[in-house]
Each structure stands twice: as structure tokens, then as C-alpha cells.
Amino acid sequence: MSDARSDEDAPEVGEPPMHGSPPDGDAAGPEDPAASAGPAGAPSGRGAWRRALPPAIAGIWLVACVVVAVSLSAFDNLAYTGGLDGLVPQMHRLAPGEPLVLLEVDPQQLGPSRSPEEALLTAADAIANRMASERVPLAPPAAELTSWFDAHALYLLPRDAHGTLRTALSEPAIQDSVDGIRARLSSPMFGATGEQPRRDPLALARLSDGAGSLVGQLADDGSTGPRPTATGDLLAHNGLSLLIQLQATRALPALQKDVADALAGSPIDATVIGAAADEVTAIETISTHLGRLAVVTLAGLTLVLAVAVRSVRTVIAIVLCVASAIAAFTLLGPDIALLSVPMLVLLAGFGCEGALHLQRISERGWPAAAILGTALLPLSLSPYPIWTEWSWQWLVGVMLIVATLRGVLPSLVRLVGGMPTTNKRGFVLRPVRTLAVLLSVGALASGAWAVDQLSFRGFDQPLLNDTDPSAKVVRTQFFDRGRIVEAQTVGRTAEEAVTRAAGDARALAQLVPSFATRIDSPGGFVLPAAELDSRREALASMNLDESMDILFELLSTRGFRPDAFGEFLRSASDLENTPTPKAALEGPLGPWISRYLTEQDDVVVLRSLVHLRGEQGSIPEVERDEGPALQLQGPAIGARLDRETFGDWLGIYVAGQLWLGAVVVWLGTRSLAVSLGATVSALTAQTAVLAAMVPLRLPLGPEMIPVLLLVGAAGMVAGGRACRAIELRRPFFATGLLVTGLCQVVAGLALMSTGELSWVRTGLMIAIGAVAASGAGLFVAPGIAKLLWPKFGPPDTDPQSTATEDAP
Amino acid sequence: MIDRRTFLLGAAGTAVAVTAAAAPTAGNRKLNNRLELWHEYSSRTQNLLARVSTTRETSLLSEPLRTTGSMLFVSPGTLVFRDDSADGSTTVTDASGTRIVPNRDSLPPGPVTAPGTRPAADWLAARLVGIFAPIPADKLIEGSRANVPKGRGYRIDLLPPRGSAIRRVVRSVSITLDPAVGAVTRIVVAEAQGDRVTLGLSDHRQNLDASDLTSVTEPLAQLGFDISI
């Protein structure tokens, strides 16, 4: 505990500086006009131009503010972008998803004679008629798919099953199959168990190994999944919602209008769902909260600054300077994304301390600004696009705020007659080495433990609150869009792409059921030429004609009507009707298959969709018979890969930030002890935050990296200042330290007040981190520095040379 | 001034109108009567053994399939249909699902339908078991639309909820009751693809000792079904 015991010259806690120790605001050197925030600077004899300088600076600033304000409001230059994929590396981004239309019906709004399913199908037809060129089948049309499977059932059986097939086609086996059907027909439950003797009297489907997983969204009658309609839309199992797929490049409002016009007067509710709709929601979220967030943040900062700065005019001048700097940054910078909003708030919270009179780390007061500005530079190594941008944007923002506070604020304060920001309360820090070691070791240990305890929140997780009921319906009744990844197969033509996809689909099927719930690929319905020939040869050797004759005979003698099984009898023995890619593309399944095909640079790409399971875990490589392993693409797979190396990279980012900060402190102080003390203080604050996240059940992930780095920067600045006060044997002004931390806490609380979960998490971590950084700066850094001073020695210091002026 | 007679006539008329409005309709009354009759018998059932004659009319066969056998119900939820003939099958529905097994070992069994995998199977199994179970009358019609078809006989039709996926498999389950004691004498299951299964029940014997049921339970045990009485 820092000892408040005073020596004969040091002030007691809470007492103003004693005799001979001028207020720190007054100790600013006349050679450093930026250090003075008020009339405390000795009037120089530089003449008229010096007297005219403050009004000129203030005037220029005012004009700039007006220009910025007009640009932002009158010309609507404040551009938003949802940025929902801001964290997703480019290599894992999928092409913008095609929009879906969700139709929902409330049975109570229908008449007694109308069923919900009937109403939904009618509405789907209306949309299909109006948007004929944009509507595509989401699933293979039910009747067409059934026909395809029935016509090619034997070809689609894997080679491994041919031995069992041969046995199943023997006369005794056929007899048993037929007798078994007749025996089971007497059960009242027979029709509900899913047996379809017409299509498959010999139960050959049981020989296919997970062929059902290849059929995409198909769910046969009676099961619990969605069911394809006759036109290829998906009908939910409960019959109360229907999903339509669109392939459209038009803007969202145009699509919504067309859908609404198609359903005019209908009791059906329609919602357009997809990436474009999500972006619109994100933009609406930003525009809803941004104004209020700015007001709350600035009001909070005003209140907090008033604690340290007794002059209301000075406080207002500070807040206006910070606000104008951020406004200019917003105007000149990129569009505001969802993840940019908390960064702007944090800029205000962290930048405010530049207006306070605090102990400097170096004479010129640049280290604090440099530590803060470079805090996010390690993120330039990260794969997260938005953080790569903000690694240097943060530096620009800090520089803008510092320049405004140093260049404009003194002139403003002078003009409005504000009072300097003087600190009248201080105490002499007496570092306690034991306490510092205990706190730092304890925090480091708990932080190391916490990293394993914290759940991981990958960049595939949604950034917006899950309040959209339509999105929930799609997720629960149909599929989870966030878990879909894709594998691309390339061919020179569509036929070639489908042919290659046939092998890829079978390779992907290995992922079911351990890692995936289904594979949605047209490749599962066709066979490549070589495989086709091989299977034809094998099937030809099985005397299928003879087997079908036996079946026909047995059906007749057992009282069955053979014509009821005509489709099977014909297709099973017809080896000329083959499931080739060409036949699939040119047949009734063609329109559905074309949904998976895109032309890019003279090649045709077929996308096979894989629905991953929700559990986190690495996905094994998908080996193909020929060629390299299949690469899965998509945020869901990228997040799993990211999780494997996240811990290591987090350490690299933190180490980078700590190293940069330590170098800055050393350059500013030439004291290795102070540098290391500040570094330990920073790391203590960061690990304390990690430990605090465990009981609060906050997840760790890419979203939280900047917060951790900024907490480290705050801890380093606080620690550097505390150590410097001790070196110079000057009182340490607690008010300034508290206000610094409180400004950051205010930023955190402002974010938490929005209710947006992503921002709430950031705000909570910052609030905790600000407190931890202040504490680490006070109690850890000085103790560690004191441990190291005997070895590295404190540098020479001139108590007269450095004032407690504004920093960074 | 309204005289007393007018007032009394008006009040009486109003009371009749209100009572009539609140009174169940004729259709509801019939349904309630039948449910009450059914409940009188079923509420006493701990186990029930009956003879069953099954007729399936299906387009798969050139003539309807007719079999005879036994039906065993054991409270709370085990139902067995067993054909007498070795060429027939045994259907067991209980908490673990529905299994249809040919009586001849060499013949392939049907797929096991576990609860929750096929809504139509769950619904039909729940109706068939519920028909014999000692449950409240409202539980019998829970999850379905119930009505009384026109015509003679004490019948109740149970239909799947409107718009549900179940209707793509099962259209209705019709129950015919004995007018005297309320026992179920006939069940007709109409399937969506056109098949129609009629189960005629006779020789009902309620609450037998385990020893009296060995003729049914022993063959079941040989097929691998353990039925506890």
C-alpha cells in the first residue's frame, strides 16, 4: 500500500502542496506554451503576435468545426456500413448470400376451410409468378427428386454395397422381401413407419451409406425436417412457414416491395432475409444509437472532468475539443461500422486525459500519447480486416485529439477565461515491493488460469442482438445460415463442374454425422463417367432382368398387383438410364442445380454447401480420391481454425503492445526499471481483466482484442506516471489518476447503456480494465520499479526540470 | 311503465336464450356422450385382451388383406397386435416406439420407429394406445380434431390437426363403440395414400391375470418382446 506518511517536505494526503511547492499548473516552463492550459503561464514578451495567436487559433478551430458540422449534418456525409463481416478474414468470406423470403401464417387469421399449408403455397406461387426470373428452387422439387432416385436407385448405391445387393437380388431374398411386406401390411402402423414398398419393395435403400445426407434439404414425409414443395421451396415441419430462395442483385427495398405487392391483401407475412437485410439492420442499429451515445458519452465526460477541473468553462472547452476532434476523424475516416462505434467512444474516453494536468513520463510529455496511439499497432498483423484498419486509425484518432488538446485548448481556455487545471491534492507514493509482487503474480496466475476457462466467441458469431423473430424461425425450422460453409468445385463447363462435384460430394459425406448434419450438393445425385461405367459393368453381371422377373412372379402369386410396383420393376433393370451430369442438368433437376453454379473468368464454379454441427472443434481435412484436399470456406470454418491459434496470436498482440510501450517509456525516461515496472503494470491490468471475465461469463475472442490492448496501454501510462513521480520525488496527484480512469469508465458505461450486447461486452471490459489499470499503476508499477532500481539505478533527475502538466 | 307480466316473460325468454347460447350444440353433445360412454369402459382397463380381425384395403394388393389375431393392451401404454398366422406379423407399440416384426423369423422386420422421429407415427400410435388406455376423455381427443360422423352407430372420428404434416400420412382414425358398455368394437385407420385398415375387435376380456395372458406373452417373448403385466 502506498504510504501516505509524509516527510517534512511532502504534503499529507488530501492537503494542498506545501510551501515552496507551487501548484503544478504553475510549474510549466514558459518555453512550452502547450503545457500551459490557462493563464498560469508567465506572460511572455513575444509581442502582439503572441497575444493574437490564441484568438487566431480559436477562430481557425471554430471555422473547422462549422465546416465539419455542416458536412456531417447538412450534406449527410456521415456514412454507415453494417460491417457485420468486419472480423471475418477475406479468405473466409463467402460471396454475398442470396436473399431468402420467409412466409409465415397465423392459422387463426385463416378461415376454417383453409389450411395454413394451402395458404402458404398459394402465396409462394404468387411470388414465383411476380418474381419469376429471380426465384430459384431452394431444394430439389419433391416429385422430380423422387423420380430421379427411383430411376437410378441401383446406380446410386455405392460399390461397397454391391455384394449385399447381389444377395438381396437372389430368389430366396426376393421371396423373403415380398413375404415380409405382406406380413407387415397387416399392421395398422405400417403406413406410418415410412416404408414405401411401391418405390422400393426390396428395401434397397438400406444399402446406401448415408445417401440421405446427400440430399440437401430433403426430408421425406413424416420426419421432422423441412419438406420441399412441388416447386422446390421449403415448407417447415409445422406447416406454418415456408422459405423461398431468390437470386437477385436488386437492392433490398425493391425486393421487399415486389414481395409485398405479390402478397397484397393476403394474410401471409413475408420477410426478406439475407446478408443485405442484416446489413440494413446493422445500419439502423448504428443510426439509432449513435446520437444518444455521443450525448451520453460527452455528458459523462463533462461530469467526470468537472471533478478535476474546477472551471466549468474549461471543462466545456475540453469536451468541445475532444468532440470536434472525433467529429473530424469520423468525417475523414472510413464509414462507421458496428465495431467502429465503440472505438469512437473509447477514443473520447482515452483521449480526455490529455486535457488533465498529470505527472508526465518524460519532460516533453509525449510518451503517454505514444503509448496510447501505438496500442493497437500490433493488430496490423491480425487477419481481422476491421482491426487491421483500426490499428492505424486509432493512431490517427489519438494524434488528432492530442493535437487539438495541445494546439487549440490552451487558446480556448485563455479566450473564455477558464482556470487552469490544477491539482491541489497529492500524496507521496511509497512503493511496497511485496504488495507489487503479490498483486502482479496473482493477476498473472489468475489471468493464465482464466484463458483456459473463458469461452471462445469466434468471428462467425452474430454481432447484432438476436431479436429478429424471422431469423429465429429460419434457424429453428429450416437451417442455421451461420453454420453453412461451402466447398468449390471448378470445371470448364457446367457438366464438368457437376461431374467433379460428384466425387467431391462423396468426399464431403465423410463429415456426416460427426461434423456436419447434411451436405447440400447436386453432386450427390450424379456419377462421373468412370464410376458410371464401373457400376454399369457390375450391375450388368447381376442378371437384373431375371431378378425382376422373379419379383414380378412372386408379387403376382402373393396377391400383389405387379403394376403397383411398375416403376421399380422398370427402372431397376434399365441400365441405359444413367445418372449422368448431363442428364441431371438437362432434366427436371436442372433449374435446381443451376442455383449452385456461377461463372467466373471462363470457368464454372459449383458450390457444395455443408451444414456444420454447432459444436466448436476442428474439422478434419476432406480427402479426395484425386487431387488436393477439399478446402471448406466460410466464417464458420474460419472461426474454428482461428480458435486453434487464437491463444498464441493473442499473446503476440499483447507482447507487441507491451514491447512498443516499454520502448516508448524507456526512450522517455532512459530508465529500464521504470520501463519494466510500467510493463508489468500493463500486463497485470490485462490479466486482471481476463480473470474478471470468468465470473462475468464474458467470452474471449477477436472482438475483445483491442479492449485488452487498450487496458494494457492505460496500465502502462498509469504505471509510468507513478514511477516517474517517485523518481522525481514529487507528490502523485490522485485526483488526476482517478479522473483518467473515470473517463475510461464513462466510455464503458456509455456503451453498456445501449443494450447492444456486443457494445455492452466491450463497455464492461473497458470499465473493469480502467479500474484495474489505475490500480496496477498505483500499486504494482512503483513496487516493481523499486525492486529493479538497485540493479538498474534510477536515472538522474532534476526536480526543477519537469512539471506536472498535461499529457499525453 | 312495464307491467309485471311483460317483465317476467321477457326475463324468462332472456334466460332461455342465454342458456341456449351457452348450451353445447347438438354436435358437441353427441361427442361428449360418446366420450363419456367410452370412458366408462376404458377407465377400468388395466389390461385388455381381445380378438381382432384386420382388413387392409390397399392398391398394392389385388384383394384386401384379411387376417385374424389378438390385441393386447397393458396399462399405461403398451399395445400389441399379433396375427395368428405365421405369415402375419406382430406390432408392438410402447414407450420406446413401434416395431413391426413378421411372425416368421426368416422374414425381414420393418424399421423401428422411435418416438420423435416420425410425427405421423407418433400421432397414430398415441391414438391407438389412447383408445384403450384409462385416460380422461379429453386426453383421447387431445392433439386432434374430433367429431361425430353422421349415420348410425356410436362413432368418433379423430383427425390430425389442420395443416399438420401428419395429414400427409394419416387422414383419420375412426372409433366405433359398443352402445351398451362402451368398449371399442371397431377402429378404421384411413391413410393418405389411399389404404384403409379396419380392425374389428371382439371377445373383450378386461383385467386378466398374467397367467391368463401367456398365450400372447410367450410368443412375444420368443420374438424378443418383454411385456410385463
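Convention: sequence-line order gives letters A, B, ...; per-chain numbering from 1.
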Worksheet entry | Structural part of B/Thr98 lying under 4.5 Å from a heavy atom of chain A | side chain
Worksheet entry | Neighbour count above 12 (heavy atom, 6.0 Å) for B/Arg186 CZ | no
Discussion item. Which atoms of B/Asp83 are under 4.5 Å from chain A, going by heavy atoms: the side chain, the backbone, both sets, or neither?
Written reply: side chain
Worksheet entry | Minimum heavy-atom distance between A/Asp176 and B/Pro108, given as atom pair plus value | O-CD, 3.5 Å
Worksheet item: Hey, which of B/Leu65, B/Thr55, B/Asp122, B/Val189 has the most heavy atom pairs under 4.5 Å with chain A?
Response: B/Leu65
Fill in: chain B contact via A/Pro172 - which portion, at a heavy-atom distance below 4.5 Å
neither
Worksheet entry | Distance, nearest 0.5 Å, that separates OG1 of B/Thr58 from CZ of A/Arg198 | 5.5 Å
Worksheet, complete the sentence: Nearest heavy-atom contact between B/Arg56 and A/Gly191 is NH2-N, 4.0 Å
Worksheet item: Under 3.5 Å, is there a donor-acceptor pair between the side chain of B/Ser62 and the main chain of A/Gly559?
Response: yes
Discussion item. Are there over 12 heavy-atom neighbours, none belonging to B/Glu57, within less than 6.0 Å of that residue's CD?
Written reply: yes
Worksheet, complete the sentence: Bottom line for B/Arg66: the part with an atom under 4.5 Å from chain A's heavy atoms is neither
Worksheet item: Counting heavy-atom pairs under 4.5 Å to chain B, which of A/Pro107, A/Ala119, A/Gly180, A/Pro188 comes out on top?
Response: A/Pro188
Discussion item. Under a plain distance cut-off of 3.5 Å, with no hydrogens placed, do A/Ser186 and B/Thr67 share a side-chain donor-acceptor pair?
Written reply: no
Worksheet item: Ignoring hydrogens and geometry, is there a side-chain-to-backbone donor-acceptor pair from A/Arg184 to B/Ser89 under 3.5 Å?
Response: no
Practice prompt. For chain B, find which of A/Asp179, A/Leu235, A/Leu185 contributes the most heavy-atom pairs closer than 4.5 angstrom.
Written response: A/Leu185
Response to the item:
Counting heavy-atom pairs under 4.5 angstrom with chain B, the leader among A/Leu120, A/Ile181, A/Thr193, A/Leu555 is A/Thr193
Worksheet item: Can you check whether B/Thr113 reaches A/Met189 side chain to side chain, under 4.5 Å on heavy atoms?
Response: no
Worksheet entry | B/Arg196 CZ: over 12 foreign heavy atoms closer than 6.0 Å | no
Item to complete: Count the heavy-atom pairs under 4.5 Å between each of B/Gly110, B/Ala192, B/Gly97 and chain A, then report the option with the highest count.
Response: B/Gly110
Worksheet item: Looking at B/Leu128, B/Thr54, B/Asn103, B/Leu60, which one has more heavy-atom pairs under 4.5 Å with chain A than the rest?
Response: B/Leu60
Item to complete: Could you check if a side-chain atom of B/Thr91 sits within less than 4.5 angstrom of a side-chain atom of A/Phe190, using non-hydrogen atoms only?
Response: no
Worksheet item: Quick one: what part of B/Leu199 sits under 4.5 Å from any heavy atom of chain A, side chain, backbone, both or neither?
Response: side chain
Worksheet, complete the sentence: Rounded to the nearest 0.5 Å, the CD atom of A/Glu117 sits from the CZ atom of B/Arg167 at a distance of 8.5 Å
Worksheet item: Hey, is CZ on B/Phe225 packed in by over 12 heavy atoms from elsewhere, all under 6.0 Å?
Response: yes
Worksheet item: With a 4.5 angstrom heavy-atom cut-off, which part of B/Thr93 approaches chain A: side chain, backbone, both or neither?
Response: side chain
